[in-house]
Amino acid sequence: MAIKERKTLQALRGMVDILPEEQGYWRYVREATVSVCEGYGYGQIDTPILEDYSLFSRGVGEVTDIVEKEMYTITDKGGDTIALRPEATAAVCRAYLEHGLHNKPQPVRLYSVGMPMFRYARPQAGRLRQFHQINVEAIGDADATIDAEVVALCWQLFRKLGLKGLSLQLNSIGDPKCRPGYVEALRSYYSQQEGRLCRECKSRLERNPLRLLDCKVPGCQPLIEGAPRSADYLCEECQAHFQALTRYLGLMEVPFTREHRLVRGLDYYTRTVFEVQTSEEGQQNALGGGGRYDGLIEELGGRPTPGVGFAVGMERVILNLKRQGIEPPASPGTRVFVAYVGQEAKAQAVGLVSRLVRSGVSAMLGPAGKSLKAQLRQAGSMGVPYVLILGDQELEKGVVVLRDMTRREQREVGLEEVIEQIR
RNA sequence: GUGAGCGUAGCCUAGCGGUUAAGGCGCCAGGUUGUGGCCCUGGAGAUCGAGGGUUCGAAUCCCUUCGCUCACCCCA
């Protein structure tokens, strides 16, 4: 296998650098997440980027697009098939099992922020091959109060971030007892209309009838309108669970709309599914989504254990923060720029910068071989508020010039007391 | 995987068959001897994504290829 030669090296398709100017948004989102999640009593977890391939094929579902065509799989040097994680839930459940977290008080509330995920798909607005998620999971409690808590937490996160114009869609897709009946109803309904289906829908009818409901082709919309609704096929337990959930959400003042067409792409969902969407143009309007996954832990080899959770796409959140003109708080920046003229001054400046930084004053050294003018120009363009100037004259007197860049004033300060003066 | 649009210096853009590819931002250096933001002057930086073809002549036309973007699929 020949290694492809590139004249200009660049990041892989769908993978981007996050430069310093962008980091404010990331920090803002991370801090909001930590604050909301910790506020709800969730503990942070990080899991490895690589996992055994079978964790995802078993957890996410063998026939999902994610596993079938979007996973980055690798054979390592020992011959094992491993994969870059395409999502977090399966990995968090693996950690729950591996560390015996069922011995802790249930449910175990976990969250993660900024874990990179990988999916091999064509990039577009709001979709990358390496992207980052916020992930929240509550494992070990089947009660609808936990569904409500997780949904409310998710909604609160978006409120905290300051995003407007979002909607919360909610639905129940039943459990292993009642869903087969519903899927069968859908299938027979659509089979009768087969001539009118778009090409995609024809294959969905074979592969995953639930997905028929979120086809975007205009011609298919009337069919969706008339399709059987999951609500009418839920068993008593699922019905009761959903009703309890909606009641709790009402009491928590979380505004949601029941969306009968909402299904989710991953196989492990049971009962509750939800999604937070923007009204913005563009098809990538889901900022986050999740639901209940009562069969997942058992699928991964554990005892039957219920769970609920959701994921939020950080890139999509930041995209919308920008669209809505929400700016993260500015970072303080460097406080002192140390300019110097001459060889001995250079040496002294090196020591001075080090002392400043060690005593908690952020500082940077001027560039070597530049005129004082150039150094000041640089300090000015970088917005550094104070410049210390060190040259032969100052060295002789044992002082340093402290220049206030905003006031355009300067004075001499003894070398020993600079740090105190500038703090 | 499918479809569409686009590829000119670090960034934005002009040029759309004819001599040394133009401008703005940014960067660098000067406007006297150690002092910034405005202004003025100068400079560096582009094999016009790459390869092939048409032509006396191509950044400008054609083909191929790579890359980017957007959309579909799917999803965060």
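Labels below follow one simple rule: chain letters A, B, ... track the order of the sequence lines, proteins then strands, and each chain is numbered from 1.
What separates CD1 of A/I389 from P of B/G36 is a distance of 10 Å, to the nearest Å. Between the CH2 atom of A/W26 and the P atom of B/A76 there is a distance of 16 Å, rounded to whole Å. If you measure from atom CE of A/M382 to atom P of B/C27, you get 11 Å, rounded to the nearest angstrom. Following rounding to the nearest Å, A/D65 (CG) and B/G1 (C1') show an atom-to-atom distance of 10 Å. Put simply, CG on A/L372 is 12 Å from P on B/G30, counting in whole angstrom units. Computed from coordinates, the A/Q378 CD to B/C28 P distance equals 7 Å when rounded to whole Å. The separation between A/M71 atom CE and B/C74 atom C1' is 15 Å, rounded to whole Å. Look at CD on A/E87: it is 11 Å from C1' on B/C75, rounded to the nearest Å.
Across the P atoms, B/A71 and B/A46 are found 35 Å apart, a figure rounded to whole Å. Rounded to the nearest Å, the gap between the C1' atom of B/G17 and that of B/G57 is 8 Å. The same atom, C1', is picked in B/C16 and in B/C48; the two are 12 Å apart, to the nearest Å. B/U19 and B/C40: their C1' atoms are spaced 32 Å apart (whole Å). If you take atom P in B/G49 and the same atom in B/C68, they sit 16 Å apart, rounded to whole Å. Comparing the same atom, P, in B/C12 and in B/U65 gives a spacing of 27 Å after rounding to whole Å. With both ends at atom C1', the span from B/A58 to B/U8 equals 14 Å, rounded to whole Å. Comparing the C1' positions of B/G45 and B/G26 gives an interatomic distance of 12 Å, to the nearest angstrom.
Contact of A/Q393 with B/G34 (side chain to base): a donor-acceptor pair of N or O atoms is detected under 3.5 Å. Side-chain to base pairing of A/E70 with B/G1: no donor and acceptor N or O lie closer than 3.5 Å to each other. Counting distance only, with no hydrogens placed and no angle test, the side-chain atoms of A/R403 and the base atoms of B/G36 include a donor-acceptor pair under 3.5 Å.
As judged by a 4.0 angstrom heavy-atom cut-off over every strand, A/A374 is placed among residues touching the sugar-phosphate backbone only. Among the heavy atoms of the strands, none lies under 4.0 Å from A/Q375. Within 4.0 Å (heavy atoms only), A/L128 reaches at least one base atom of the nucleic acid. A/E394 comes within 4.0 angstrom of a nucleotide base, judged by non-hydrogen atoms across all strands. Using a 4.0 Å heavy-atom criterion, one finds that A/G289 contacts the sugar-phosphate atoms exclusively. When heavy atoms are screened at a 4.0 angstrom cut-off, A/A379 is found touching no nucleic acid atom at all.
Centroid-to-centroid, the aromatic rings of A/Y72 and A/Y120 come within less than 6.0 Å.
For the side-chain hydrogen bond (donor to acceptor under 3.5 Å, both in side chains) test with A/E149, the passing option among A/Y40, A/Y248, A/Y42 is A/Y42; the others fail.
Under 4.0 Å is where a charged nitrogen must lie from a carboxylate oxygen, and between A/E409 and A/R403 no such pair does.
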* Structure fact -> Output field dot_bracket for RNA chain B (Watson-Crick or G-U, both distances under 3.5 Å, | for other-strand pairs) contains ((((((((.[[[[.)..(...]]]].(((((.......))))).....[[[[[..)....]]]]])))))))....

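A/R30 contributes no side-chain N or O that, together with a main-chain N or O of A/Y25, makes up a donor-acceptor pair within less than 3.5 Å. Checked by atom type and distance alone, the side chain of A/Q23 pairs as donor or acceptor with a backbone atom of A/I18 at under 3.5 Å. The closest donor-acceptor contact from the side chain of A/E396 to the backbone of A/Q393 lies at 3.5 Å or more, if one exists at all.
Counting non-hydrogen atoms of other residues, nucleotides and ligands closer than 6.0 Å to CZ of A/R229 gives a total of 12 or fewer. Within a 6.0 Å radius of CZ in A/R423, other residues, nucleotides and ligands contribute more than 12 heavy atoms. Heavy-atom contacts from other residues, nucleotides or ligands closer than 6.0 Å to CZ of A/R258 number more than 12.
Both A/L390 and A/V16 sit near RNA chain B, but only A/L390 has its closest nucleotide nearer the 5' end. Residue whose closest nucleotide on RNA chain B sits further toward the 5' end, between A/P123 and A/G380: A/G380.
Taken from CG in A/N135 to OG in A/S112, the straight-line distance is 4.5 Å, to the nearest 0.5 Å.
Here the side chain of A/A125 is nearest to one of B/A71, B/U35, B/C74, namely B/A71. Side chain of A/Q10, nearest nucleotide from B/C75, B/G30, B/C68: B/C68. Checking B/C27, B/C75, B/G36 against every side-chain atom of A/I66, the shortest atom distance belongs to B/C75. Residue A/K373 places its side chain closer to B/G31 than to any other of B/C75, B/C70, B/G31.
At B/C74, none of the side-chain N or O atoms of A/R119 fall inside 4.0 Å of OP1 or OP2 (strictly under the cut-off). Residue A/R264 places no side-chain N or O under 4.0 Å from the OP1 or OP2 atom of B/C74. Dashed line: the shortest gap from a side-chain N or O of A/K370 to OP1 or OP2 of B/C28 is not under 4.0 Å. For B/G1, the OP1/OP2 oxygens have no side-chain nitrogen or oxygen of A/R122 closer than 4.0 Å. OP1 or OP2 of B/C74 sits under 4.0 Å from a side-chain N or O of A/R204. Between A/R377 and B/C28, a side-chain N or O to OP1/OP2 separation shorter than 4.0 Å is absent. Contact between the side-chain N/O atoms of A/Q124 and the OP1/OP2 oxygens of B/A71 is found at a separation under 4.0 Å.
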* To do: Could you walk me through whether A/F274 and A/Q169 pass side-chain contact (heavy atoms from CB on, under 4.5 Å), step by step?
  => CA-CA 5 Å; A/F274 69 100; A/Q169 319 285 352; over 6 Å; no

